[in-house]
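First up is the structure itself, then whatever we jot down about it.
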Amino acid sequence: MVDALQEEVRVRFAPSPTGYLHVGGLRTALFNYLFARREGGKFILRIEDTDQKRFIPGALENLISSLKNMGLHYDEGPDVGGPCGPYIQSERVDIYQRHIQELLASKTAYYCFCSEERLEDLRETQRKMKRPPMYDGKCRDLTEAEVREKLDAGAPCVIRLRFPKEGRTVFDDVIRRKVAVDNSVVDDQVLIKSDGFPTYHLANVIDDHLMGISHVIRGEEWLSSVPKHIYLYKAFGWDVPTFVHLPLLLNSDRSKLSKRQGDVAVESYMEKGYLPEAMINFIALLGWHSADDRELYTLQELEQVFSLDRINKAGAIFDLDKLNWMNGWYIRNFDVEVIAERTRPFFEQEGFDISDWQKYIKVIGVARDYVSSLEEMAPRGRMFYEELQFSEDDRTLMAEENSQKIYAYWIDALKGRSAWTREALQARIEEAMKTMGLKGKKFYFPLRLALFGNTHGPDIPTIIDILGRDESVERLQRFLIDG
RNA sequence: GGUCCCAUCGUCUAGCGGUCAGGACGCUGGCCUCUCACGCCGGAAACCGGGGUUCGAUUCCCCGUGGGACUACCA
């Protein structure tokens, strides 16, 4: 390890590439990122792909693009490089092999030749006897000669950690404070699998040390394996990093957040039109809260105010309702041009002709009051781009005498002038209501229906302003019965 | 089953011995308004239970209870 790295805050997000970035992973990545930024340290991306069976093509690219979309830029990582590479564990196998020799030599680790079947049977009987399922240590005390013989015979084997049976491991966690575990309940964890790849525990410890990680910020599911990790650090003669175990993100039934109970892929939230800014803001509030009552933050603002000591201990349910509100808030409060640009793909997908940018901006301005995601924008803009659909009841209303009078009046009025201000339009509406002796819904509903396709919606000046004079006249004329 | 962790409105949370237990989402009443939406104002809604410690516990300690994680040659 480079000496200069020693004083610096260095944290990492270390996902295994299982296909996509999970929202729980995003939260872990975000907290790591924020801590690094706040402390002026480094944020590193490391890929933990030591499980060959779970290789998924494209998963790495996916992960990287999701992190980029979210604005979580890392200082070191597989695609950006850095002084501690490679940052993909499958490319570091020789490093693990070298280090395991050291453990073998010091008797901290030992070869185990037990078959998977034996292990399964063992666990089965242990469970039946209501004993905790653990390795029984069959190969723990094999003599060197016995090991040599089996190895020479080419017997398949793994390498296990020789964890002490006595004593107690006590450690500090920034969030949980003191945690204590009896060594007798810690298993002789497999460190090197029969395919020569390391397990999480070995690779993680070695890499965290070699990469100069100062704070291990990760999910609470790792809390119970910390004793193994500490034992490894000490066996290697390394300093133990500071541990920060984040509370879990939960399904609405309080189990660990998983798919099948809604979307967990960050990617799919993007596809539905959730803004990265809203996702980040929302996720940040799951387990973290500022000292005041403020809840709306940009990523840059979070970088300034984030601190580990304001992280909660209890798990948090991922509440879609609040995300929807927050996303809607961002959609309504961002610059309309920005929202228009981001909504574009959704409109294009619908085949709407948005070449008239001025009109499009106006449509967005109206539509965004109604939605909680960009995906919902298209249904709210449709009436300005497509032919209106009417029900039988609609047609009945539009054929009524009053409706017809209104249409005739407006066709006339609109044709008379080429440009209207909203104020002039509103004044004309007041005037029309007076001369026709109609008011309120009696006047507005038929008019809005013919122009907008619904009796409920934006006010008339807004609709006419978006449609323009010609389209407005055309829409009215379509329902004028005798010309 | 064992070990570890956790526990304030339905949800996210503030609280760090004395508060009318605060905010946000959601729900709800009203205002704005032709309507819808937005927005604004108000309301209902919580300290898991039992013991301690203390003049006084949501807050500190213990025991229950409940929930979760881990218990793989997955991470």
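The partner of B:G1 is B:U71, judged by Watson-Crick or G-U wobble contacts that both fall below 3.5 Å.
With hydrogens and angles ignored, a donor-acceptor pair under 3.5 angstrom links the side chain of A:Glu295 to the base of B:G23.
Rounded to an integer number of Å, the gap from CG of A:Asp293 to C1' of B:G15 is 11 Å. In this entry the distance linking CG of A:Asn324 with P of B:U11 reads 18 Å, nearest Å.
Annotation: proximity of residues 153-173 of chain A to RNA chain B (heavy atom, distance under 4.0 Å) is found for A:Val158, A:Arg160, numbered in ascending order. The stretch residues 245-254 of chain A touches RNA chain B through A:Leu248, A:Arg254, each having a heavy atom within less than 4.0 Å of the strand.
Contact annotation for A:Ala14: no contact, since no heavy-atom pair falls under 4.0 Å across all strands. Counting any heavy atom pair closer than 4.0 Å across all strands shown, A:Asp459 reaches a base atom.
Judged by distance alone, the side chain of A:Arg332 and the main-chain N or O of A:Arg368 form a donor-acceptor pair under 3.5 Å.
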Tabulated below should be each protein N or O lying under 3.5 Å from an N or O of nucleotides 37-39 of chain B; please produce it.
residue	atom	partner	partner atom	Å
B:A37	O2'	A:Asp369	O	2.2

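In terms of phosphate contacts, A:Lys193 brings a side-chain nitrogen or oxygen within less than 4.0 Å of OP1 or OP2 of B:C74. Between A:Lys322 and B:G26, a side-chain N or O to OP1/OP2 separation shorter than 4.0 Å is absent.
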